[in-house]
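Structure first, commentary second.
Numbering of ligands and ligand atoms starts at 1, following listing order. Computed from a prediction, not measured in an experiment: that's the story for all the values here.
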Amino acid sequence: MVVSDRQAVLKIAVPVPQQRGEVLIYDYLAGPAIGAPVGSIVQIPLGTRHVWGLVMDASDTSQLAAEKLKPVVMLADVPPLDAQTLKFLKQVSRWTLAPFGSVMRLLLNTPEALLPPPEQPVFTLPEFPLADVRLTPQRQRVCDFLKMVPPLSATEIARETGVSSGVITAMHKSGLLDKQMAVRGNRAPTLSPEQLKQARKSFTLSDEQQQVADAIAAKGDEQFSVHLLDGVTGSGKTEVYFDSVARVAATGRQVLILLPEIALTRAWQDRFEKRFGFRPALWHSSVTNAKRRTLWRQVAEGQPLIVAGARSALFLPFSKLGLIIVDEEHDASYKQEDMTAYQARDMALLRAKISDIPILLASATPSLESWVNAGAARQDEAGHKDWHQHILSSRFGQASLPEVKLVDMRLSRPPRGHWLSPDLQEALKATLEAGQQSLLFLNRRGYAPVTLCSSCGHRLACHQCDSLLVTHRLAGRVQCHFCGISQPLSQQCPACEEADSLRAVGPGVERLEEEVRMLFPDAGIAILSSDTVRSASDAEAFFKAVETGETDIIIGTQMAAKGHDFPQLTLVGVVDADLGIGGGDLRAAERTYQLLWQVAGRSGRAKQKGRALIQTFQPTHPVLDALSKMHLDNPVAARDQFMQAEADARQAAAMPPFGRLAALILSSRDLSLLEAAVEGLAAACPAYHGVDVFGPAPAPLSRIRGAHRIRFLVRAEKTVALQKIITEWLDKVRLPGQVRVVCDIDPYSFL
Ligand code: ADP
Ligand code: ZN
């Protein structure tokens, strides 16, 4: 297209959260971005601000029309997004019904990366070196090194020669080195293809692991295929997918490994480094801005990289992606609930499909969706054509699966205010005496979930949510787990003002710790929960204490279930297995099963035999029955029996993955406005064959942060275009600005 400068107009997608599933495009004069191809990132004026947008198209317009347009401010200093990445963003927006502007922001969340990197001082040998200077050995080393390399920063020279950077500045002062300003390119740490091939060959997989690795390799790396790496805990799934990582990385393409954030700890990185000889590029919430900036640019430039990240890493601007791994694919943390609700595992599948590359989903407890898609269910004998299931049925080496025993709490109920049965106490004692470690699992943060006044019966509740306040003794506060507000702990009842009348009811991990400390005063005890392990450095300290044996007993919430490898841990005690089973959530049974299987699977991962004691009031429940068969000859068969029963129940109810589900949540601080809006929406309710709309009904959590919440649930047959129906429905109704609608396609939370 030939256009004259002044009339060249760019159609630019703006980062504005409007237009469900559609791209909101404004026209701008190209200005400095003249000739910028589709996918270019440009800065534009929008209202009173400057924001980053995406070039979606170019066109020509008359001089007259063009005069009203504002020009682009600048072009970003990064290559344009490629067609696949653009298509991915569009499809994520269409699938989740999130405005394209919001999806774009997931990608453009590192604005520092879009500007040219700042210049920094670099050092070289002067053209005419000072004659006759006697150098210290350190200085000599620096001079020798600089003869062989291009100009480098003081830090780089210091690192390579083992001197302090002070030596380099001193050398510059005395005229031994020249200083210039330069932009330093940042190469990602990686090995050459030859070295990667070698890394692959030099590691020995077990026979079973090798068979799986070969089967995955045999499907080729050049087109879309999904591999469900379905192996019991400790079977070496990580080692098997590292093999694929090495194979694809050796072709110079980029690899993305998604993990739940807490699993991205030092231990996992150490394993990676041991295998590959360098550290992976990390992307998660505690990575510094400087590192984010560097990584974002490296990814956009198409550098060969292996990125390990939490779910948000999926929105890095990959331009040479060759493989995606989703580790712990069943993990609920892959579902993002706020703002743009997306399921990262599903969106990773979409990305792999668009990029036409393989994707590996690894888990010891696959999600029912993946299990069915891979053809493991009776319902879908053939499975999906691109899906392959690979089973690792035994633990690596001498390790075997833990022996699982159910403790019937109806028969051995501990005294009031205590939660450990005699059996579990006995097991803890024996494990301590043997010098091994234990994990007590209780999926409840804080000290106690309920605080009750013994005088008037008042329960401490959040004033802006429909929820009870949770006591956190360590922090000295009571806290709402939905909105986060907290207040200092007090002994006085806020209702009847009676002093010293508040009583804790039920256990949280902090209270359990009290009980354990009373029983075993000399043991090293550590709590693993999102309150005690909040940052990467907390995590490091925690895992270090476990590794060195300083910690004897870990008391953990669901954070303890995520893929950790604690070789000295031989006892897992589940304090209350019944916690997650009730509640009527679509995935309650599946999730409880996964969680408890994973927790139990932390036990006995090395040479010593492990066991798991599971306390329950309903030992005959299918979830518990299946768990109790974990250590039998064929643990996968026992698991599959449970999964099949679950699949049958879902099919009978036409629920996912056999049907489709979406939630619409309307919320407002103004109840009458909300009710009117809901009435309007209910009147326009779609009536199609194969679509059921449930509601309106107050959401189970009917108030959060002072906003009332009412929800609709839409269930549709698999063949129905659910997103289209919902869009049309919402388009029919004009909602007042004070009423917010959130669409959650394939909801995981039913609150
Ligand atoms: P999973 O991810 O299936 O739970 P891991 O990959 O964490 O299992 O492996 C469990 C343990 O066995 C780890 O400590 C790992 O280093 C070790 N392991 C697994 N496969 C091998 C192998 N082929 N050679 C040496 N060690 C292995
Ligand atoms: Zn609250």
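Checking His481 against the Zn ion (ligand 2), every N/O/S atom stays at or beyond the 2.8 Å cut-off. The Zn ion (ligand 2) has an N, O or S atom of Cys483 inside 2.8 Å of it.
In this structure, atom 4 (O) of ligand 1 lies nearest to the protein heavy atom Gly234 N, 2.7 Å. For atom 7 (O) of ligand 1, the closest heavy atom belonging to the protein is Arg271 NH1, 2.7 Å. For atom 13 (C) of ligand 1, the closest heavy atom belonging to the protein is Asp565 OD2, 3.3 Å. Of the protein's non-hydrogen atoms, the one nearest atom 3 (O) of ligand 1 is Lys237 NZ, 2.8 Å. Here the protein heavy atom with the shortest distance to atom 8 (O) of ligand 1 is Gly236 N, 3.0 Å. Atom 20 (N) of ligand 1 has its closest protein heavy atom at Gln209 NE2, 2.9 Å. Ranking the protein heavy atoms by distance from atom 2 (O) of ligand 1 puts Thr238 OG1, 3.0 Å first.
On a distance-only criterion, Phe203 and ligand 1 share no N/O pair closer than 3.5 Å. Between Phe396 and ligand 1, no pair of N/O atoms sits closer than 3.5 Å.
The nearest pair of heavy atoms linking Leu528 to His564 is CD2-NE2, 4.4 Å. Residues Arg279 and Asp270 share a closest heavy-atom pair of NH2-OD1, 2.7 Å. Residue Tyr334 comes nearest to Leu258 through the heavy atom pair OH-O, 3.1 Å, listed as atom of the first residue, atom of the second, then distance.
Judged by the 6.0 Å and 45° rule, Arg473 forms a cation-pi pair with Tyr447. Both tests pass for Arg275 against the ring of Phe203: distance under 6.0 Å to the centre and angle within 45° of the axis.
A salt bridge is absent between Arg711 and Asp744; no separation between the charged side-chain nitrogens and carboxylate oxygens falls under 4.0 Å. Between Arg591 and Asp331 there is no salt bridge, since no side-chain nitrogen of the basic residue lies less than 4.0 Å from a carboxylate oxygen of the acidic one. Look at Glu261 and Lys562 and you find no salt bridge, because none of the NZ, NE, NH1 or NH2 atoms lies under 4.0 Å from a carboxylate O.
Heavy atoms of Val232 come nearer than 4.0 angstrom to ligand 1 in at least one pair. Within the 4.0 Å heavy-atom cutoff, Gly231 does not count among the residues contacting ligand 1.
Partner of Leu569 under the side-chain contact (heavy atoms from CB on, under 4.5 Å) criterion, out of Gln608, Gln436, Arg602: Arg602 alone.
Using modelled atom types, no side-chain atom of Gln738 and backbone atom of Leu673 make a donor-acceptor pair closer than 3.5 Å.
Atoms of ligand 1 found under 4.0 Å from any heavy atom of Leu205 (numbered from 1 in listed order, with element): 23 (N). Set against the non-hydrogen atoms of Glu239, the atoms of ligand 1 under 4.0 Å away are 6 (O), 15 (C), 16 (O), 19 (C), 20 (N), 21 (C). Set against the non-hydrogen atoms of Thr233, the atoms of ligand 1 under 4.0 Å away are 4 (O). For ligand 1, the atoms lying closer than 4.0 Å to a non-hydrogen atom of Thr204 are 22 (C), 23 (N), 24 (N).
Between His390 and His388, the angle of the ring planes lies from 30° to 60°, which puts this pair in the tilted group.
With the Zn ion (ligand 2) as the vertex, SG of Cys462 and SG of Cys480 span 110° to the nearest 10°.
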